[in-house]
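Taking it in order: structure first as structure tokens, then the write-up.
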Amino acid sequence: QVQLVESGGGSVQAGGSLRVSCVASGVTFSTTALSWFRQAPGKQREFVAGISWSAGNVYYADSVKGRFTISRENAKNTVYLHMSNLKPEDTAVYYCAAGTRNYGMVVPGAENYGMDYWGRGTLVTVST
């Protein structure tokens with residue numbers, strides 16, 4: 001059974017930094033693509049960042065480029081999202097997602113970027 005468990009959410013002031021983590025189980029982590037999505041109140045879920053199995057391909061939403069960094073640590077079955085220069089509009093529930101169907105690749109043109117498993121999310125709140 002695949003499980004994705006996020007942690008590290010919380011409250012931070014605008015301009016601050018935060019790192020969220022996601023530990024995966026039930027998948028062959030080293031060959032799995034990983035992504036972060038977010039859903040703000042009253043809005044649809046949106047893609048934030050994705051990383052291929054080898055970390056050789058990384059993708060970011062335009063809204064977070066230059067501020068967020070996705071990384072993975074295969075030895076710990078963990079994917080991270082380091083967020084800096086946070087803005088109030090970054091407030092959302094952040095979801096970890098795993099993709100096992102596309103040879104470990106994030107697929108920008110596919111539904112949900114090719115992800116097929118989801119965590120329950122962790123809340124990030126950015127205040128002014």
Practice task
List in chain and number order the residues that pass ring-ring contact (aromatic ring centres under 6.0 Å, His included) with Trp118, two or more places apart in sequence or in another chain; answer none if no residue qualifies.
Solution key: Phe37
Completion exercise
Residue pairs passing the disulfide (SG to SG under 2.5 Å) test with at least one member in residues 28-57, sequence neighbours excluded, are none
Completion exercise
Quick note, ring pair (Phe, Tyr, Trp, His ring centres under 6.0 Å) partners involving residues 93-117, not counting sequence neighbours, are Phe47-Tyr113
Completion exercise
Smallest heavy-atom separation, Tyr60 atom then Thr69 atom, equals OH-CA, 3.3 Å
Practice task
Please answer: with hydrophobic residues joined when any side-chain heavy atoms are less than 4.5 Å apart, are Val48 and Leu123 in the same cluster?
Solution key: no
Handout entry: Residues in side chain to side chain donor-acceptor pair (under 3.5 Å) contact with Glu73, at least two apart in sequence or another chain
Key = Tyr80
Exercise for the section: State which residues pass side chain to side chain donor-acceptor pair (under 3.5 Å) with Asp90; sequence neighbours excluded, sorted by chain then number. Expected result: Arg38, Arg67
Handout entry: Ser25 side, atom OG; Gln1 side, atom CD - distance, nearest 0.5 Å
Key = 8.0 Å
Completion exercise
Tracing side-chain contacts under 4.5 Å among Ile, Leu, Val, Met, Phe, Trp and Tyr outward from Met105 reaches Trp53
Handout entry: Candidate pair Leu81 and Val79, rule side-chain contact (heavy atoms from CB on, under 4.5 Å), full reasoning
Key = CA-CA 7 Å; Leu81 183 68; Val79 60; over 6 Å; no
Practice task
Kindly indicate, with the supporting measurements, whether the criterion side-chain contact (heavy atoms from CB on, under 4.5 Å) is fulfilled by Ile51 and Asn57.
Solution key: CA-CA 6 Å; Ile51 188 167; Asn57 297 91; over 6 Å; no
Show which side-chain atoms of residues 7-22 pair as donor or acceptor with protein atoms under 3.5 Å away, not counting sequence neighbours.
none

Problem - Set of side-chain contact (heavy atoms from CB on, under 4.5 Å) partners for Ser30, sequence neighbours left out - result: Thr28, Asn74
Practice task
Could you point out which residue of Val106, Leu34, Thr32 forms a side-chain contact (heavy atoms from CB on, under 4.5 Å) with Met115?
Solution key: Val106
Handout entry: Set of residues satisfying side-chain contact (heavy atoms from CB on, under 4.5 Å) with respect to Ala24, sequence neighbours excluded
Key = Leu4, Val27, Phe29
Handout entry: Exam field: side chain Gln39 to backbone Val93, donor-acceptor pair closer than 3.5 Å
Key = no
Practice task
Considering only Ile, Leu, Val, Met, Phe, Trp and Tyr, and joining two whenever side-chain heavy atoms are under 4.5 Å apart, list the other residues clustered with Val23.
Solution key: none
Handout entry: side-chain contact (heavy atoms from CB on, under 4.5 Å) assessment of Arg72 paired with Thr78
Key = CA-CA 6 Å; Arg72 61 189 297 157; Thr78 301; over 6 Å; no
Problem - Steps toward side-chain contact (heavy atoms from CB on, under 4.5 Å) verdict (Phe68, Leu86) - result: CA-CA 9 Å; Phe68 289 13; Leu86 282 160; 3.8 Å; yes
Fill in the blank from the handout: So side-chain hydrogen bond (donor to acceptor under 3.5 Å, both in side chains) across residues 119-128, not counting sequence neighbours, yields none
Exercise for the section: Step through the shown structure and confirm whether more than 12 heavy atoms of other residues, nucleotides or ligands are within 6.0 Å of CD on Gln44. Expected result: no
Practice task
Check whether any side-chain N or O of Tyr59 sits under 3.5 Å from a backbone N or O of Val107 as a donor-acceptor pair, and report yes or no.
Solution key: no
Handout entry: Thr100: partners by side chain to side chain donor-acceptor pair (under 3.5 Å), with sequence neighbours left out
Key = Asp116
